[in-house]
Amino acid sequence: MTEKLNTIVENLNWNMVLDQLTYNPKSPLIFSSCLFLFMFVIFALVYNCLRNRQTLRIVFVTAFSYYFYYKSSGFYFFLLAVVTCSDWLIAHAIYDMQMDEATGTRKLNKHRGMQKAYVFLSLLVDLGLLAYFKYTNFFYEMLAPLWGGEFHALDIFLPVGISFFTFQSLSYTIDIYRGELKPLKSLLDYAFYVSFFPQLVAGPIVRARDFVPQIHKPLLVTNEMFGKGAFLIMAGLFKKAVISDYISVNFVERIFDNPALYSGLENLLGVYGYTLQIYCDFSGYSDMAIGLALWLGFRFPQNFNSPYKSDSITDFWRRWHISLSSWLRDYLYISLGGSRKGEVRTYVNLIITMLLGGLWHGANWNFILWGALHGVAQAFYKFYCKLRGYPKKYHPTGLKRFVAIFITFHFVAFCWIFFRNATLENSFVMLNQMFTNFNFALLPQLVGGYGLVFFLMALGYIMHFLPDSWNQKCERGVIRLPLFLQAILFIVVIYIVIQVKSSDIQPFVYFQF
């Protein structure tokens, strides 16, 4: 037996093992990869062994989270430590100013000017890092002609998920300033919160008020939590690795890479494909993140709620990327004045919020236009509801609801054209093809040539538009299954993924943000 083990060890290609364990920009560590599955099994075994050793468990998870981020962004994992340490210190400084030593009570208005200065410092650190890595070339290109210079793009690497963890950490200091939180005493606890790997690189953006109370609770994963986690991981894996990746690689990318080569019908179907792809990709990641967190004993808030069932653009943003839309509402829209400063100012605040939400997604005029379209649409809808005397959360019924969902869906799909294309020119080429060169006669040929693509698109949309009660029944069914049947179901899903996945790992769409 010993000889056999020695032979196996000697025959191992240690260079190959080392390559797998070190950072590779072409192969980031993602939930749908075999490497992550293997590493998570080992991680879970150690994690379970440390279930009664709270401090060691927190150290272990934090270390693994930093390694997970290293596998996504290499040396730039140090940025995570910079944001963590600076905001932890700033939050304590703000809180100390608020405390009245004589009475031991918290007075928010005490030293308010200095508190604002520290909040500004937090903004400067977090948004400064974000601005440098994400927007330097964008503004450099705009400003270069002003001094007669020629623009040459700087070689600046964009660390994965920097938009997510900076927003998450920033919300912590703002909540301390607003008196909604007390700062964490331990830097280790704060590092654990900011770096927690399931949601680190693509959300959801988890607020400290939701996560922090769970850190020091005894580790408890109930059968309900484990079963729901299994359901969400399997659903997310299927949406991402089967539906999203397949239709992206085999159809959507080809259309968007060169829309002029394809008819208007193909471009329209490409838009429908991307509309499904980005939902399955991002909600699939969120499902897996929430499921993994449940397996580790933590509960995350919902991040997607069947967004294409929305009956208005406002309803869409209550259902799509809920953690980001609520962040923008609480920390940007309300800070601008929200709806407290008159009707016109409310519309302006909505448009500014969505414009900046578009810019958050990337330094590109397409993203800004995408945000502007959503902002104007929300302002118009708010004006329309006021004109008709509708209540704040109005939802039509019957045929009106069907028409409202149809219009909202197609407006969102139209906006995805600008979101997905790299340039405005490509977006307008795509629209031009749809309106001037539609060629509906190609449909039978397309269905024959892209049979599996359209089957998966139909399946994805059917699954999305099924009643919520059906999804809840499936979830409860998985929860009730014995563990060995859950394992079999998991193996079936992995087998399906292996059969349809492309040769190259497809990173999650939101890794670029």
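Test Val271, Leu442, Leu261 against Glu266 for side chain to side chain contact (heavy atoms under 4.5 Å, CB included) and you get one pass: Leu442.
Here Phe197 and Phe43 bring their ring centres to under 6.0 angstrom of each other. Phe77 and Tyr69 have their aromatic ring centers separated by at least 6.0 angstrom. Aromatic ring centres of Phe454 and Phe251 lie closer together than 6.0 Å. You'll find the ring centres of Tyr272 and Tyr461 outside the 6.0 Å limit. Between Phe164 and Trp360, the gap from one ring centroid to the other is short of 6.0 Å.
By the 30° and 60° cut-offs, the orientation of the rings of Phe414 relative to Phe418 is perpendicular. Between Tyr279 and Trp320, the ring-plane angle classifies as tilted under the 30° and 60° cut-offs. Between Phe383 and Phe380, the ring-plane angle classifies as tilted under the 30° and 60° cut-offs. In this structure, Trp295 and Phe226 have parallel ring planes: the angle between them is below the 30° cut-off, well short of the 60° mark. Between Phe282 and Phe304, the angle of the ring planes goes over 60°, which puts this pair in the perpendicular group of the 30/60° scheme. Between Trp416 and Phe419, the two ring planes are perpendicular [angle over 60°; tilted spans 30° to 60°].
For the atom pair CZ of Phe75 and OH of Tyr70, the computed distance is 11.5 Å after rounding to the nearest 0.5 Å. In this structure, His321 NE2 and Ile205 CD1 are separated by 5.0 Å, a value rounded to the nearest 0.5 Å. Atom OG of Ser323 is separated from atom CZ of Arg207 by 8.5 Å, given to the nearest 0.5 angstrom. Taken from OG in Ser263 to CG in Leu268, the straight-line distance is 9.5 Å, to the nearest 0.5 Å. To the nearest 0.5 Å, atoms NZ (Lys239) and NE2 (His464) are separated by 9.0 Å. Rounded to the nearest 0.5 angstrom, Tyr333 OH and Leu328 CG are separated by 12.5 Å.
Thr408 places no side-chain N or O within donor-acceptor distance of the main-chain N or O of Ile405, the cut-off being under 3.5 Å. The backbone N or O of Asp126 sits nowhere less than 3.5 Å from a side-chain atom of Thr166 that would complete a donor-acceptor pair. Put simply, the side chain of Thr136 never gets that close to the backbone of Phe133: no donor and acceptor are under 3.5 Å apart. The backbone N or O of Leu452 lies less than 3.5 Å from no partner atom in the side chain of Tyr246, so there is not a single donor-acceptor pair. At least one donor-acceptor pair closer than 3.5 Å links the side chain of Asn267 to the backbone N or O of Tyr262. No donor-acceptor distance shorter than 3.5 angstrom exists from the side chain of Ser73 to the backbone of Pro159, with no hydrogens or angles considered. A donor-acceptor contact shorter than 3.5 Å links the side chain of His410 to the backbone of Phe406. Distance alone, capped at 3.5 Å, places no donor-acceptor pair between the His374 side chain and the Trp370 backbone.
Among all heavy-atom pairs drawn from Phe64 and Met39, the shortest one is CE1-CE, 4.1 Å. The shortest non-hydrogen separation linking Asn439 to Leu265 is O-CD2, 3.8 Å. In this structure, Asn366 and Thr423 approach most closely via the heavy-atom pair ND2-O, 3.2 Å. The two residues Phe256 and Ile417 make their nearest non-hydrogen contact at CE2-O, 4.3 Å. Across every non-hydrogen atom of Gln199 and Gln168, the tightest pair is NE2-OE1, 2.8 Å. Listed here is the closest heavy atom pair of Pro204 and Asn303: CB-CG, 3.6 Å.
Side chains of Trp317 and Met354 form a contact here, defined as non-hydrogen atoms less than 4.5 Å apart. Looking at heavy atoms from C-beta onward, Tyr381 lies out of side-chain contact with Leu350 at the 4.5 angstrom threshold. Contact check for Ser286 versus Gln302: no side-chain heavy atoms found under the 4.5 Å cut-off. The closest side-chain heavy-atom distance from Phe211 to Phe300 is below 4.5 Å. In this structure, His395 and Asp315 have side chains that are in contact, with non-hydrogen atoms separated by less than 4.5 Å. Residues Ile243 and Phe238 meet the side-chain proximity criterion, which asks for heavy atoms closer than 4.5 Å. The shortest distance between side-chain heavy atoms of Ile162 and Phe165 falls below 4.5 Å. Contact check for Ser171 versus Phe167: no side-chain heavy atoms found under the 4.5 Å cut-off.
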Pairs under 3.5 angstrom only: tabulate donor-acceptor contacts from the side chains of residues 475-494 to other protein residues two or more places apart or in another chain.
residue : atom : partner : partner atom : Å
Gln486  : NE2  : Val478  : O            : 2.8
Gln486  : NE2  : Leu481  : O            : 3.3

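In this structure, Gln499 places its CD atom where more than 12 heavy-atom neighbours from other residues, nucleotides or ligands lie under 6.0 Å away. Applying the 6.0 Å contact sphere to CZ of Phe465 captures more than 12 heavy atoms from other residues, nucleotides or ligands.
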Please lay out, stage by stage, how Phe298 and Phe196 fare under the test ring-ring contact (aromatic ring centres under 6.0 Å, His included). CA-CA 10 Å; Phe298 293 86; Phe196 192 52; 5.1 Å; yes

Passes side chain to side chain contact (heavy atoms under 4.5 Å, CB included), Leu355 versus Ile368? Steps please. CA-CA 6 Å; Leu355 268 171; Ile368 294 172; 3.6 Å; yes

Begin with the C-alpha distance, continue with both residues' side-chain angles, and end with the deciding distance and a verdict on side chain to side chain contact (heavy atoms under 4.5 Å, CB included) for Leu276 and Ile247. CA-CA 9 Å; Leu276 180 65; Ile247 64 176; 4.1 Å; yes

Is there a side chain to side chain contact (heavy atoms under 4.5 Å, CB included) between Met457 and Val252? Walk through the geometry before answering. CA-CA 11 Å; Met457 282 175 60; Val252 173; over 6 Å; no

Check step by step if side chain to side chain contact (heavy atoms under 4.5 Å, CB included) holds for Phe231 and Asn471. CA-CA 10 Å; Phe231 173 79; Asn471 184 67; 3.6 Å; yes

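Contacts classified as side chain to side chain donor-acceptor pair (under 3.5 Å) and involving residues 340-349 (residues at least two apart or in different chains) are given here: Glu343-Tyr347, Arg345-Asn349.
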